[in-house]
Amino acid sequence: MVWAGWPAPGLWAAGCGLLCRVRRGLRGLLMTRSQRLLFRIGYSLYTRTWLGYLFYRQQLRRARNRYPKGHSKTQPRLFNGVKVLPIPVLSDNYSYLIIDTQAGLAVAVDPSDPRAVQVRRTQGALGVALGGRLLPLDHSGGNRDLSRRHRDCRVYGSPQDGIPYLTHPLCHQDVVSVGRLQIRALATPGHTQGHLVYLLDGEPYKGPSCLFSGDLLFLSGCGRTFEGTAETMLSSLDTVLGLGDDTLLWPGHEYAEENLGFAGVVEPENLARERKMQWVQRQRMERRSTCPSTLGEERSYNPFLRTHCLALQEALGPGPGPTADEGCSRAQLLEELRRLKDTHKSK
């Protein structure tokens with residue numbers, strides 16, 4: 001029976017379904033905006049007040065007590081006189097020393113714990129600190145102590161992210177030269193407005209190029225989009241995708257096992273992911289670092305770099321249409337992946 005003046009049952013059901021989708025979309029939009037607002041407030045407190053600095057110092061003390069030798073066991077990589085030394089800091093962060101052993105010069109990337117960097121400094125003379133991540137104290141809190149101990153230490157990074165003790169602001173494609181080390185800054189906004197990644201050119205020392213990706217790209221994952229849109233983050237990830245497959249990826253965090261677990265949810269038939277997961281689990285059982293991977297590997301199993309893949313689009317993305325824009329659909333897929341990752345609970 002249909003009451004006079006009421007829509008037909010089929011139309012009513014369709015309308016209810018549309019209303020539910022609109023409600024979910026609005027709720028997601030409001031949550032995203034509230035998260036960004038809370039992030040901005042917390043970001044300002046953490047990076048621009050003494051309260052934030054004291055919180056950072058507390059994190060540092062707790063991590064040093066819990067992991068006196070670091071959260072992971074790392075091994076340096078040596079390429080014809082250029083050494084890359086991962087330094088485990090805080091609960092899951094990585095800082096890096098890049099050392100030109102012939103010139104006796106070193107670059108510290110994301111030096112969040114000055115003590116950890118200082119201990120390993122004996123392998124090269126500290127000359128430059130590169131930072132510019134979220135949160136800056138999470139990745140560059142050591143700039144203060146390093147600058148005080150070494151008056152000639154130069155601090156490079158983005159002028160947009162409130163980096164402590166910044167002396168040399170960098171823009172997209174700027175190059176920092178230290179001995180044979182040629183390090184190019186690439187602007188990759190999305191996580192923060194001024195986020196930079198650093199690309200060590202392998203040509204001068206006849207070795208592989210190295211990408212120090214901070215909070216943009218992890219093994220099988222990517223950073224959250226706090227200060228940007230999905231389109232912004234997609235453009236930044238595409239910047240990285242334009243680099244060579246043999247480029248070594250040195251991320252800012254040890255998230256490999258959790259990220260590969262999520263990748264298995266969205267691409268359960270991906271054999272490259274399964275092989276990598278088995279290797280990572282063996283590494284983590286002995287608390288060994290999973291760095292580095294290569295960009296070629298990441299293309300094969302990192303879902304955030306695979307938004308162009310048809311299987312992923314069909315499983316998660318918007319259905320293809322005659323007017324569908326490829327860039328827009330990839331951004332929508334990236335946004336859906338990020339939403340699913342944020343709610344994913346690793347087992």
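No experiment lies behind these values; they were computed from the predicted model shown. The first residue in the sequence is number 1, and the count goes up from there.
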query: Would you find more than 12 non-hydrogen atoms of other residues, nucleotides or ligands less than 6.0 Å from Glu269 atom CD?
result: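 No, CD of Glu269 has 12 or fewer neighbouring heavy atoms, counting only those of other groups under 6.0 Å.
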Keeping [X] on the side-chain end and [Y] on the backbone end, is there a donor-acceptor pair under 3.5 Å?
X	Y	answer
Asn65	Arg61	yes
Asn80	Tyr205	yes
Arg287	Gly70	yes
Ser300	Ala272	no
Asp100	Arg180	yes
Tyr96	Pro251	yes
Asn302	Gly221	yes
His191	Gly223	no
Thr101	Gly81	yes
Thr74	Pro86	yes

What's the separation between atom [atom1] in [X] and atom [atom2] in [Y], rounded to the nearest 0.5 Å?
X	Y	atom1	atom2	value
Glu274	Asn270	CD	CG	9.5 Å
Ile98	Arg77	CD1	CZ	14.5 Å
Glu335	Leu340	CD	CG	11.0 Å
His168	Asp174	NE2	CG	11.5 Å
Arg275	Tyr301	CZ	OH	11.0 Å
Leu334	Cys222	CG	SG	5.5 Å

- prompt: Only one of Glu257, Glu297, Glu267 forms a salt bridge (charged side-chain N to carboxylate O under 4.0 Å, His left out) with Lys276, so which one is it?
  reply: Glu297
- prompt: Only one of Asp245, Asp246, Asp238 clears salt bridge (charged side-chain N to carboxylate O under 4.0 Å, His left out) with Arg299; which?
  reply: Asp245
Compare every heavy atom of [Y] with every heavy atom of [X], then report the nearest pair and how far apart it is.
X	Y	value
Asn259	Ser220	CB-O, 3.4 Å
Asp110	Gly214	OD2-CA, 4.1 Å
Ser236	Pro189	OG-O, 2.6 Å
Tyr198	Gly157	OH-CA, 3.6 Å
Ser72	Pro88	O-CG, 3.3 Å
Pro76	Leu85	CB-CD1, 3.8 Å

- request: Start with the C-alpha distance between Leu219 and Leu260, add both sets of side-chain angles, then the distance that settles side-chain contact (heavy atoms from CB on, under 4.5 Å), and finish with yes or no.
  value: CA-CA 8 Å; Leu219 194 154; Leu260 285 165; 3.8 Å; yes
Is there side-chain contact between [X] and [Y], with heavy atoms separated by less than 4.5 Å?
X	Y	value
Trp250	Leu211	no
Leu217	Leu295	yes
Val176	Val107	no
Leu305	Leu237	yes
Leu234	Phe304	no
Arg306	Glu298	no
Val266	Leu312	yes
Thr307	Gln313	no

query: Under the side chain to side chain contact (heavy atoms under 4.5 Å, CB included) test, which residues partner Glu286, sequence neighbours left out?
result: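 Counting only residues at least two positions away or on another chain, Glu286 forms a side chain to side chain contact (heavy atoms under 4.5 Å, CB included) with Arg288.
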Same cluster (ILVMFWY, side-chain, under 4.5 Å), [X] and [Y]:
X	Y	value
Leu241	Val197	yes
Met277	Phe218	no
Ile99	Ile87	yes
Leu105	Phe212	yes
Val178	Ile183	yes

Any chance the side chains of [X] and [Y] put a donor and an acceptor closer than 3.5 Å?
X	Y	result
Ser177	Gln182	yes
Thr192	Glu227	no
Glu254	Thr290	yes
Thr229	Glu231	yes
Arg62	Ser91	no
Thr232	Ser235	no

task: Quick one: do His195 and Leu216 satisfy side-chain contact (heavy atoms from CB on, under 4.5 Å)? Show the steps, please.
output: CA-CA 8 Å; His195 191 279; Leu216 171 70; 3.8 Å; yes
message: Run the side-chain contact (heavy atoms from CB on, under 4.5 Å) test on Leu199 and Ser209 for me, step by step, so that the C-alpha distance in whole Å, both residues' side-chain angles and the decisive distance to 0.1 Å come before the verdict.
response: CA-CA 7 Å; Leu199 180 66; Ser209 294; 4.2 Å; yes
- prompt: Any idea how Tyr255 and His253 line up, ring-wise: parallel (<30°), tilted (30 to 60°), or perpendicular (>60°)?
  reply: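 Tyr255 vs His253 ring planes: parallel.
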query: Can the ring centroids of Tyr94 and His71 be said to lie less than 6.0 angstrom from one another?
result: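 Tyr94 vs His71: aromatic centres under 6.0 Å.
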- request: Please test His172 against Arg184 for side-chain contact (heavy atoms from CB on, under 4.5 Å), starting from the C-alpha separation and ending with a verdict.
  value: CA-CA 8 Å; His172 183 57; Arg184 185 177 301 275; over 6 Å; no
Residue pairs involving residues 262-293 (criterion ring-ring contact (aromatic ring centres under 6.0 Å, His included); sequence neighbours excluded): Phe262-His344
query: Between Asp342 and Arg224, is the closest basic N to carboxylate O distance under 4.0 Å?
result: yes
query: Do Glu258 and Lys341 meet the salt-bridge criterion of a basic N to acidic O distance under 4.0 Å?
result: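 Salt bridge present between Lys341 and Glu258.
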field: Criterion side-chain hydrogen bond (donor to acceptor under 3.5 Å, both in side chains) against Glu336, the qualifying member of Arg339, Arg338, Gln332
entry: Arg339
